[in-house]
Amino acid sequence: MRILTVNPGSSSLKLSMIDPDGTVVTENAGARHEVAPMVADMPAPDAVGVRFVHGGTDFTEPVVVDARVTERLEALADLAPLHQPASLHALSEITGALPGVPAVACFDTAFHATLPDAAATYALPAEWRERFGLRRYGFHGLSYSYAVRRTREMLGTLPTRTVICHLGSGASLAAVADGRSVDTTMGFTPLEGLVMASRAGSVDPGIPLWLIKHGVEASEINEALEGRSGLRGLTGTGDMREIRERAEARDAVALAALDVYHHRLRACAAAMAATLGGLDALVFTGGVGEHDPFVRHRLAEDLAFLGVSVDPARNEEAHGDADVTAGGSAVRVLVVTAREDLEIAAGVRRCLG
């Protein structure tokens, strides 16, 4: 079965055509309004898999899209406003361009369906939790699923206790016990947790309430928390490469922002390890996790008390999937290239048999 995978961003779109043996035949990327011409330049697929950030409690496995599924996905749009509408738009465009080709929705929240109640439950009034479905869902699940699979392949066995760091424009961590998610840093929406490129991560919930009381509109607060906070709010840019260059030039603002970023990253990573009762493997993925050796080195130093150590040369030279563990380290440290397209294709095959 030849599968077209569709990975929409808030303003961009990535397409991959994957053969039955897992070979990527062709890849294409562009603006999300360019779907039809992008598809026209690719071989005809047997099925399509579309990434959706949010599946709520309804969708914990890939599902064939029909009118009922589309309606349920639309109802979840305000929980992931940067990505869910983009996925719905891409789905509409793809099905219009490929009539009769089955489309399967694959979900970033699905990997975290195994979260225990203790990790998923907010200490909020029961009537709110029941009426509005307020709970921790977690995200980046397709990336985590692939990282788990690739970690098993690279090590020849699956570690019992693994913390996976998906670090990119959006960023989160997952505590994985024997391949199953038992804790994660994102929650009801992708806003919770780490400092990200433009998202604030966890903030005191009293801050938005205080701002509303003092005349700031809820829509402005939402826009700021999603798009003008995080590294962008601290430095004026969400580009980690630019911030790193500024920090190397001893720019005080960039140095302070990196301290904030790493303070939260260290605290959350240690919390994930505490959930697991220890640490056997630390895995980096996502654009920053894969390409920034300094982020990996600094977190390893921060977690040295757990037995984490990276080899400086291996870490600096890592390209693609790599083992950067230092000799004598009690914890294996890996870099895994994020391949959500391959995970989407695997989900489509499971769904369609």
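Its side chain within the 4.5 Å cluster rule, V348 clusters with M1, I3, V64, V104, L142, I344, L352 among the Ile, Leu, Val, Met, Phe, Trp and Tyr residues.
R129 has its side chain out of reach of R135: every pair of non-hydrogen atoms, C-beta onward, lies at least 4.5 Å apart. Contact annotation: the side chain of L258 approaches that of M240 to within less than 4.5 Å [non-hydrogen atoms, C-beta and beyond]. Using a 4.5 Å cut-off on side-chain heavy atoms (C-beta onward), E226 and P81 make contact. Side-chain contact between K14 and E340 is absent, with no heavy-atom pair separated by less than 4.5 Å. Here the side chains of R199 and M186 are in contact, with some heavy-atom distance below 4.5 Å. With a 4.5 Å cut-off on side-chain heavy atoms, E61 and C351 do not count as touching. In this structure the side chain of V310 never reaches within 4.5 angstrom of the side chain of R314, judged on heavy atoms. Between V50 and V65, the closest side-chain pair of non-hydrogen atoms is not below 4.5 Å.
Pairing each heavy atom of F188 with each of G133, the nearest pair is CE1-O, 3.6 Å. Looking at every heavy atom in both residues, R264 comes nearest to V195 through CG-N, 4.0 Å. Taking both residues in full, the closest heavy atoms of R349 and P20 are given as NH2-CA, 3.4 Å, listed atom of the first, atom of the second, then distance. Taking all atoms of both residues into account, the shortest heavy-atom contact from S16 to V24 is CB-CG1, 4.5 Å. The two atoms that bring P205 and L209 nearest to each other are O-CG, 3.5 Å, heavy atoms only. Between D204 and G206, the shortest heavy-atom distance links the atoms OD1-N, 2.7 Å.
Side chain of D108 to backbone of G141: a donor-acceptor contact under 3.5 angstrom is found. Side-chain N or O atoms of T235 include none that pairs as donor or acceptor with a backbone N or O of R232 at under 3.5 Å. A distance-only check finds a donor-acceptor pair linking the side chain of S329 to the backbone of S309 [under 3.5 Å]. Listed for the T160 side chain is no donor-acceptor partner under 3.5 Å among the backbone atoms of D178. Side chain of R136 to backbone of T184: a donor-acceptor contact under 3.5 angstrom is found. Listed for the D21 side chain is a donor-acceptor partner under 3.5 Å among the backbone atoms of T23.
With sequence neighbours excluded, the residues that form a ring-ring contact (aromatic ring centres under 6.0 Å, His included) with W210 are H214. Listed by chain and residue number, D58 satisfy the side chain to side chain donor-acceptor pair (under 3.5 Å) test with R72 (two or more places apart in sequence, or in another chain). Among residues two or more places apart in sequence or in another chain, the ring-ring contact (aromatic ring centres under 6.0 Å, His included) test is passed with H112 by Y144.
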Chi angles and distances behind the side chain to side chain contact (heavy atoms under 4.5 Å, CB included) call for V335, R296: CA-CA 9 Å; V335 180; R296 298 191 298 261; 3.6 Å; yes
Should V53 and Y137 be marked as a side chain to side chain contact (heavy atoms under 4.5 Å, CB included) after you check the CA-CA gap, both sets of side-chain angles, and the distance that decides it? CA-CA 10 Å; V53 167; Y137 290 102; over 6 Å; no
Kindly determine whether L88 and F52 satisfy side chain to side chain contact (heavy atoms under 4.5 Å, CB included), including the steps that lead there. CA-CA 8 Å; L88 287 163; F52 277 84; 3.9 Å; yes
Run L303 and V331 through side chain to side chain contact (heavy atoms under 4.5 Å, CB included) and show every step you take. CA-CA 10 Å; L303 300 181; V331 176; over 6 Å; no
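Cluster annotation: L91 is connected to V69 through the hydrophobic network of ILVMFWY side chains, with a link wherever side-chain heavy atoms come within less than 4.5 Å. Cluster membership for L79 and F59, using ILVMFWY side-chain heavy atoms within less than 4.5 angstrom, is not shared. Using a 4.5 Å cut-off between side-chain heavy atoms of Ile, Leu, Val, Met, Phe, Trp and Tyr, with links allowed through other members, L234 and M196 fall into different hydrophobic clusters. When the side chains of ILVMFWY residues are joined at heavy-atom separations under 4.5 Å, either directly or via intervening members, V148 and Y146 end up in a single hydrophobic cluster. Under the 4.5 Å side-chain heavy-atom criterion for Ile, Leu, Val, Met, Phe, Trp and Tyr, I94 and V101 are members of the same hydrophobic cluster.
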For residues 265-289, dump all side-chain donor-acceptor pairs below 3.5 Å to protein atoms at least two apart in sequence or in another chain.
| unit_1 | atom_1 | unit_2 | atom_2 | d |
| --- | --- | --- | --- | --- |
| R266 | NH2 | H263 | ND1 | 3.1 |
| T275 | OG1 | D183 | OD2 | 2.9 |
| T275 | OG1 | A271 | O | 3.2 |
| D280 | OD1 | R161 | NH2 | 2.9 |
| D280 | OD2 | R161 | N | 3.0 |
| D280 | OD2 | R161 | NE | 3.0 |
| T285 | OG1 | V336 | O | 2.7 |
| T285 | OG1 | A338 | N | 3.4 |

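Classification of D341 and R339 as a salt-bridged pair holds, one side-chain N sitting under 4.0 Å from a carboxylate O.
Rounded to the nearest 0.5 angstrom, L211 CG and K213 NZ are separated by 12.0 Å. Taking NE2 of H297 as the start and CG of N315 as the end, the distance is 8.0 Å to the nearest 0.5 Å. Note that CZ of R180 is 14.5 Å distant from OG1 of T162, once rounded to the nearest 0.5 Å. The CG atom of L194 lies 7.0 Å from the OH atom of Y261; values are rounded to the nearest 0.5 Å. Of the inter-residue distances, the one linking T26 atom OG1 with M42 atom CE reads 4.5 Å to the nearest 0.5 angstrom. To the nearest 0.5 Å, atom OG1 of residue T189 and atom CG of residue N222 are 8.5 Å apart.
Within a 6.0 Å sphere centred on CG of D66, heavy atoms belonging to other residues, nucleotides or ligands number more than 12. Environment of CD in E71: sparse, with no more than 12 heavy atoms of neighbouring residues, nucleotides or ligands closer than 6.0 Å. In this structure, R244 places its CZ atom where more than 12 heavy-atom neighbours from other residues, nucleotides or ligands lie under 6.0 Å away. Heavy-atom contacts from other residues, nucleotides or ligands closer than 6.0 Å to CD of E316 number 12 or fewer.
Between H262 and F294, the ring planes lie perpendicular to each other; the angle is over 60°, past the 30° to 60° tilted range.
Residue pairs that meet the salt bridge (charged side-chain N to carboxylate O under 4.0 Å, His left out) test with at least one member in residues 141-155, sequence neighbours left out, are R149-E343, R150-E153, R150-D321.
In the model, D239 has no side-chain atom that pairs as donor or acceptor with a side-chain atom of T237 under 3.5 Å.
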